[in-house]
Amino acid sequence: TVYEESMAKISARFETVRNELHHAIERNELFVVFQPLMEISNSGVAGFEALVRWDSPRLGSVSPVEFIPLAEKTGLIDAVSTVVLKHISSQIRDWKRRGYCVPPISFNLSPSTLENVDGAEKFLIQLETYGLCPGDLVLEFTETAVIHNEEVVAENIRVLARHGFRIALDDFGTGYSSLENLYKLHISKLKIDKSFVFKIKGSVKHANIVRGLISMARSIDLNVIAEGVESEDQLEMLREWGCDMAQGYIFAKPMLPADAERYLEAA
Ligand code: C2E
Ligand code: CA
Ligand code: CA
Ligand code: CA
């Protein structure tokens with residue numbers, strides 16, 4: 001049947017990507033791009049988000065939307081995270097050495113990294129190995145349906161926060177993130193997912209939700225970041241509602257380090 005054929009195609013693709021990703025890690029096919037986070041009030045650069053990219057000689061460019069969930073399912077995510085952390089660390093060092101003032105870099109922390117009781121400890125040791133200090137990073141954490149040990153994950157986040165790392169709750173509004181966790185987890189930033197931001201101009205309901213989220217977050221002293229800002233209209237609405245920061249194509253797409261450094265200032 002058509003259904004069986006398409007299922008077979010999906011699982012064949014999964015196997016191919018899994019095998020290739022394994023080699024990609026060893027062969028240095030993964031790299032990192034940087035997208036600025038802008039202060040809405042003064043258009044200053046408040047940070048960068050590090051986003052992983054993969055150019056495969058056999059598969060072409062593969063989106064993280066495809067290979068990150070696959071890496072999480074197949075146990076390759078820790079290896080991917082290590083590559084990303086190494087890139088961030090050496091980029092920060094390079095920029096500092098060349099006299100730039102480097103704002104915090106946001107790193108997408110995989111929830112599975114924090115599922116074991118010693119997850120935070122292991123992660124802290126890794127950060128120390130790469131010379132990454134709390135001030136260098138913001139840890140972006142996404143709640144997903146597949147988190148197994150919610151209590152363990154929450155405790156690990158508290159440990160990271162106690163060590164001084166700033167935590168941002170990522171993809172807020174996408175369904176798994178809950179208001180309860182704004183209190184339970186020690187987070188200092190809230191990122192509103194682009195699927196909401198995309199609709200604030202066209203849908204009164206989405207506009208009201210986002211405006212409400214911003215005012216609620218600010219009332220408990222959370223820094224709010226809107227992701228996926230593409231138009232002046234969206235930016236103007238977010239500014240009016242008191243949103244702190246914006247990230248999106250209106251400012252810049254994720255860029256290679258050489259292009260990203262135009263957004264940096266001399267220290
Ligand atoms: P995310 O963490 O929600 O990252 C934001 C995504 O929105 C990025 O997609 C970024 O390129 C995209 N984006 C930013 N501004 C705009 C805009 O104005 N318009 C549109 N259409 N898109 C915009 P990207 O780079 O494809 O990454 C997708 C997802 O893959 C990320 O979503 C994150 O969940 C995951 N990911 C990316 N890099 C890493 C990584 O190093 N580690 C882990 N664990 N996950 C990663
Ligand atoms: Ca993110
Ligand atoms: Ca998102
Ligand atoms: Ca995410």
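Counting starts at 1 for both ligands and their atoms, following the listed order. We're numbering straight along the sequence, starting at 1.
To the nearest 0.5 Å, atom CD1 of residue Ile77 and atom CG of residue Leu70 are 9.5 Å apart. With rounding to the nearest 0.5 angstrom, the CG atom of Asp78 is 10.0 Å from the CZ atom of Phe123.
Rounded to 10 degrees, the OE1-metal-OD1 angle spanning Glu227 and Asp193 at the Ca ion (ligand 3) equals 120°. Put simply, the angle at the Ca ion (ligand 2) from OD1 in Asn108 to OE2 in Glu49 is close to 90°, to the nearest 10°. Rounding to 10 degrees, one finds that the Ca ion (ligand 2) sits at the corner of an angle of 90° between Asp170 OD2 and Glu140 OE1.
Surrounding CD of Glu236 are more than 12 heavy atoms belonging to other residues, nucleotides or ligands, all under 6.0 Å away. In the displayed structure, Glu232 atom CD is contacted under 6.0 Å by at most 12 heavy atoms of other residues, nucleotides or ligands.
Residues Arg53 and Pro254 approach most closely at NH2-CG, 3.7 Å, considering heavy atoms. Residues Ala207 and Met237 share a closest heavy-atom pair of CB-CE, 4.3 Å. Minimum heavy-atom separation, Phe34 to Ala50: CE2-CB, 4.2 Å. Closest of all the heavy-atom pairs between Ser56 and Glu29 is CA-OE1, 3.8 Å.
The existence of a salt bridge linking Lys96 and Asp136 is confirmed by a sub-4.0 Å separation between a basic side-chain nitrogen and an acidic carboxylate oxygen. In this structure, Glu240 does not pair ionically with Arg211, as no charged nitrogen and carboxylate oxygen lie closer than 4.0 Å.
Some N or O of Arg53 is nearer than 3.5 Å to an N or O of ligand 1, by distance alone. Some N or O of Glu230 is nearer than 3.5 Å to an N or O of ligand 1, by distance alone. In terms of polar-atom proximity, defined here as any N/O pair under 3.5 Å, Ile250 makes no such contact with ligand 1. Taking any N or O of Ser63, backbone or side chain, none lies under 3.5 Å from an N or O belonging to ligand 1.
Listed by number with element, the atoms of ligand 1 under 4.0 angstrom from any heavy atom of Pro254 are 11 (O). Close contacts between ligand 1 and Glu49 involve ligand atoms 2 (O), 4 (O) [criterion: under 4.0 Å to a heavy atom]. Of all atoms in ligand 1, numbered sequentially from 1 with element shown, those under 4.0 Å from a heavy atom of Val65 are 28 (C). Within ligand 1, counting atoms from 1 as listed, the ones closer than 4.0 Å to a heavy atom of Glu227 are 1 (P), 3 (O), 4 (O), 5 (C). Per-residue contacts place Gln35 under 4.0 angstrom from the following atoms of ligand 1 (heavy atoms of the residue considered): 14 (C), 15 (N). Within ligand 1, the atoms closer than 4.0 Å to a non-hydrogen atom of Val229 are 18 (O), numbered from 1 in the order shown. The atoms of ligand 1 that sit less than 4.0 Å from any heavy atom of Asp171 are 3 (O). For ligand 1, the atoms lying closer than 4.0 Å to a non-hydrogen atom of Asp170 are 2 (O).
A distance-only check finds a donor-acceptor pair linking the side chain of His163 to the backbone of Val159 [under 3.5 Å]. Listed for the Gln234 side chain is a donor-acceptor partner under 3.5 Å among the backbone atoms of Glu230.
At a threshold of 3.0 Å, the Ca ion (ligand 3) has a backbone or side-chain N, O or S atom of Asp171 nearer than that distance.
Counting heavy atoms closer than 4.0 Å to ligand 1, residue Ile68 contributes side-chain atoms (C-beta onward) but none from N, CA, C or O. Only the side chain of Val84 comes within 4.0 Å of ligand 1, counting heavy atoms alone; its backbone N, CA, C and O stay farther away.
Nearest to atom 2 (O) of ligand 1 by heavy atom, out of Asn108, Ile88, Leu85, is Asn108. When Lys253, Lys194, Glu72 are ranked by how near their heavy atoms come to atom 6 (C) of ligand 1, first place goes to Lys194. The nearest non-hydrogen atom to atom 10 (C) of ligand 1, considering only Val80, Leu51, Thr113, comes from Leu51. Among Pro111, Pro64, Ala252, the residue whose heavy atom lies nearest to atom 27 (O) of ligand 1 is Pro64.
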- Applying salt bridge (charged side-chain N to carboxylate O under 4.0 Å, His left out), run through Asp221 and Arg218 and close with a yes or a no. CA-CA 5 Å; Asp221 286 328; Arg218 284 173 63 96; over 6 Å; no

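Note: Phe48 and Tyr263 have perpendicular aromatic rings, judged against thresholds of 30 and 60 degrees for the angle between ring planes.
Ligand 1 has at least one atom lying under 4.0 Å from a heavy atom of Phe198.
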